Amino acid sequence: MAEPKFIRIENESKKETYHRLHTEIMSVLDGEKHNIARMATISCMLHHAFENRIWTGFYLVDIAKPEELVVGPYQGSLGCMRIPFGRGVCGAAAQSGKMQLVKNVHDFEGHIACDANSVSEIVVPVRNPAGKLIAVLDIDSDVEAHFDEVDVHELERLVTDVFG
Ligand code: SME
């Protein structure tokens, strides 16, 4: 069976797509409090709304091992199971608590190549209402410099509105 496809409006800018998606995601998640259900839904909707994205998903802070990320809901190719804080792009985001925008992963020391086709990435820390880091949202592309300030702004807005 073909993968689900979301409606792509012709001539819609990336910012407009994010704005439309934001409304759609908030509507689909309305009343749903379970974080795994929220993350699974966001991964699916974000992944299928844009081209050239090979992995979209969440790494969760492991409650049993607080300095380690464990893979959560995602769409795309097979992801690494665990990432220690400080390793790779996701580990850097988790350790620093800061969003990571990497235009070419080959220039990023310690990048973890779960998928050899990955070229650029964005990783956004996800915090709960108390401000505690609970996960990171990782999106990988097979195109160089796929992500920019629009992705930064819109993804931060999305994770804050859903999980913050
Ligand atoms: N590329 C990531 C690892 C996760 S995956 O590629 C799904 C990183 O360096 O953090």
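All ligand and atom numbering here is 1-based and tracks the order in the structure. These figures come from a predicted structure and were not determined experimentally.
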Worksheet item: Leu21 versus Leu46: any side-chain heavy-atom pair under 4.5 Å?
Response: yes
Discussion item. Below 30° counts as parallel, above 60° as perpendicular, anything between as tilted: where do the rings of Phe50 and Tyr18 land?
Written reply: tilted
Item to complete: Examine ligand 1 and decide if any of its atoms is less than 4.0 Å from a heavy atom belonging to Asp115.
Response: no
Worksheet item: Among protein heavy atoms, which lies nearest atom 6 (O) of ligand 1, and at what distance?
Response: Asp140 OD2, 3.0 Å
Worksheet entry | Atoms in ligand 1 flagged as close to Cys90, the criterion being non-hydrogen separation under 4.0 Å | 8 (C), 10 (O)
Worksheet, complete the sentence: Atoms of ligand 1 under 4.0 Å from any heavy atom of Gly88, numbered from 1 in the order shown, are 9 (O), 10 (O)
Discussion item. Using the rule given for side-chain contact (heavy atoms from CB on, under 4.5 Å), can you reason through Phe163 versus Leu137, listing the C-alpha separation, both sets of side-chain angles and the distance that settles it, and then say yes or no?
Written reply: CA-CA 12 Å; Phe163 301 99; Leu137 168 60; over 6 Å; no
Discussion item. Could you check whether any side-chain N or O of Tyr59 sits under 3.5 Å from a backbone N or O of Cys90, counting only pairs where one atom can act as donor and the other as acceptor?
Written reply: no
Fill in: Whether Phe108 lies under 4.0 Å from ligand 1, heavy atom
no
Item to complete: Take atom NZ of Lys98 as the centre, draw a 6.0 Å sphere, and report whether it contains more than 12 heavy atoms from other residues, nucleotides or ligands.
Response: no
Discussion item. Going by side-chain contact (heavy atoms from CB on, under 4.5 Å), Phe147 matches just one of Gln100, Arg53, Lys103. Which one?
Written reply: Arg53
Practice prompt. Quick one: look at Tyr74 and ligand 1, take heavy-atom pairs under 4.0 Å, and tell me if it's side chain, backbone, both or neither.
Written response: neither
Discussion item. By the definition side-chain contact (heavy atoms from CB on, under 4.5 Å), identify the one residue from Ile134, Thr160, Val162, Leu155 that meets it with Val126.
Written reply: Ile134
Discussion item. With nothing but distance in play, are any N or O atoms of Val89 less than 3.5 Å from an N or O of ligand 1?
Written reply: yes
Discussion item. Which option wins on minimum heavy-atom distance to atom 4 (C) of ligand 1: Ile139, Asp138, Ile112?
Written reply: Asp138
Worksheet item: With only distance considered, is Glu121 within less than 3.5 Å of ligand 1 through an N or O on each side?
Response: yes
Discussion item. Could you check whether any side-chain heavy atom of Asp62 comes within less than 4.5 Å of a side-chain heavy atom of Arg82, counting everything from C-beta outward?
Written reply: yes
Worksheet item: If you measure every N/O of Ile83 against every N/O of ligand 1, is any gap under 3.5 Å?
Response: no
Item to complete: Note the single closest protein heavy atom to atom 5 (S) of ligand 1, along with its residue, its atom name and the distance in Å.
Response: Cys114 SG, 3.3 Å
